[in-house]
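One structure below.
We number each residue from 1, following the sequence as shown. Small disclaimer: the values here were computed from a predicted structure and weren't measured. What's counted below: heavy atoms across the whole structure, side chains too, no hydrogens, waters or symmetry copies.
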Amino acid sequence: TVRSNRNWQLFVRKASDLTGANTGWVIPSAQLTFTSPAQANPVQVQNTDTLVDSGGKTAGSNSAVTYNLNITWNDDPDSYTAEHIYTAVQP
């Protein structure tokens, strides 16, 4: 939920690829995409900031991000984690 007294932008970037907790296997971030209010078509999570959403003054508005992970037959079963950094700015 965003609350702001000025215009705002929300960005995301990856800090790491998906890494298996038990196997150490890595799933490249190229297999992880997201859609959001600013990205109607699936976008790969990159090392650089990608716009997720933006808006004006608001007492509270929701911004939904939907992730999709493309698992292949070559990916090992495991519990995977990845770190993403969200940054909110006032342009």
Side-chain angles (χ1 to χ4, degrees):
T1 302
V2 177
R3 292 181 181 95
S4 180
N5 63 350
R6 295 185 180 188
N7 292 342
W8 56 272
Q9 293 177 317
L10 179 64
F11 296 91
V12 66
R13 66 180 166 89
K14 77 171 186 173
S16 65
D17 286 319
L18 292 102
T19 305
N22 300 310
T23 61
W25 185 264
V26 173
I27 296 177
S29 289
Q31 291 177 228
L32 180 66
T33 60
F34 74 93
T35 57
S36 69
Q39 305 293 339
N41 295 318
V43 175
Q44 290 179 355
V45 179
Q46 302 290 326
N47 307 14
T48 57
D49 287 338
T50 302
L51 184 65
V52 172
D53 200 1
S54 62
K57 297 178 184 181
T58 178
S61 65
N62 293 328
S63 181
V65 178
T66 302
Y67 284 95
N68 183 43
L69 181 59
N70 180 26
I71 300 295
T72 70
W73 288 106
N74 295 325
D75 295 324
D76 283 348
D78 203 343
S79 295
Y80 288 85
T81 59
E83 184 178 349
H84 295 140
I85 300 169
Y86 283 85
T87 307
V89 299
Q90 294 177 334

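Ring geometry for Phe34 versus Tyr67: interplanar angle of 30 to 60°, hence tilted.
Side-chain atoms of Trp8 never come within 3.5 Å of backbone atoms of Lys57 as a donor-acceptor pair (strictly under, hydrogens ignored).
Note: the hydrophobic cluster containing Val45 also contains Val65 (ILVMFWY, side chain heavy atoms under 4.5 Å, direct or indirect links). Note on Val43: it does not cluster hydrophobically with Leu51, by side-chain heavy-atom contacts below 4.5 Å among ILVMFWY residues. Note on Leu18: it clusters hydrophobically with Trp25, by side-chain heavy-atom contacts below 4.5 Å among ILVMFWY residues.
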Evaluate the criterion side chain to side chain contact (heavy atoms under 4.5 Å, CB included) for residue pair His84 and Leu32; output intermediate values, then yes/no. CA-CA 11 Å; His84 295 140; Leu32 180 66; 3.4 Å; yes
Assess the residue pair Val52 and Ser36 against the criterion (side chain to side chain contact (heavy atoms under 4.5 Å, CB included)); give the C-alpha distance rounded to whole Å, side-chain angles, the decisive distance to 0.1 Å, and a yes or no. CA-CA 6 Å; Val52 172; Ser36 69; 3.7 Å; yes
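Within the structure, salt bridge (Lys or Arg N to Asp or Glu O under 4.0 Å) pairs that include any residue of residues 58-71 do not occur (at least two apart or interchain). Among residue pairs with one or both ends in residues 19-29, none qualify as salt bridge (Lys or Arg N to Asp or Glu O under 4.0 Å); sequence neighbours excluded. Among pairs with a residue in residues 4-21, those fulfilling salt bridge (Lys or Arg N to Asp or Glu O under 4.0 Å) read Arg13-Asp49, Lys14-Asp17, at least two apart in sequence or across chains. Sorted by first and then second residue, the salt bridge (Lys or Arg N to Asp or Glu O under 4.0 Å) pairs with a member in residues 82-91 form an empty list; sequence neighbours excluded.
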Solution key, residues 71-78 side-chain donor-acceptor pairs under 3.5 Å, sequence neighbours excluded:
{"from": "Thr72", "atom 1": "OG1", "to": "Asn74", "atom 2": "N", "distance (Å)": "3.3"}
{"from": "Thr72", "atom 1": "OG1", "to": "Asp75", "atom 2": "OD2", "distance (Å)": "3.1"}
{"from": "Asp75", "atom 1": "OD2", "to": "Gln31", "atom 2": "NE2", "distance (Å)": "3.0"}
{"from": "Asp75", "atom 1": "OD2", "to": "Thr72", "atom 2": "N", "distance (Å)": "2.8"}
{"from": "Asp78", "atom 1": "OD1", "to": "Asn22", "atom 2": "N", "distance (Å)": "3.2"}
{"from": "Asp78", "atom 1": "OD1", "to": "Asn22", "atom 2": "ND2", "distance (Å)": "3.1"}
{"from": "Asp78", "atom 1": "OD2", "to": "Ala21", "atom 2": "N", "distance (Å)": "3.4"}
{"from": "Asp78", "atom 1": "OD2", "to": "Asn22", "atom 2": "N", "distance (Å)": "2.9"}
{"from": "Asp78", "atom 1": "OD2", "to": "Thr23", "atom 2": "N", "distance (Å)": "2.7"}
{"from": "Asp78", "atom 1": "OD2", "to": "Thr23", "atom 2": "OG1", "distance (Å)": "2.9"}

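Residues satisfying the ring pair (Phe, Tyr, Trp, His ring centres under 6.0 Å) criterion with Tyr86, sequence neighbours excluded, are absent altogether.
When all heavy atoms of Ala40 and Thr35 are compared, the pair lying nearest together is O-CG2, 3.7 Å. What you find for Gly56 and Asn7 is that their closest heavy atoms are CA-OD1, 3.2 Å. Minimum heavy-atom separation, Ser16 to Ser29: O-OG, 3.9 Å. Annotation for Thr19 and Gly24: closest pair CG2-O, 4.1 Å, computed over non-hydrogen atoms.
Rounding to the nearest 0.5 Å places CG of Asn68 at 7.0 Å from CG of Asn70.
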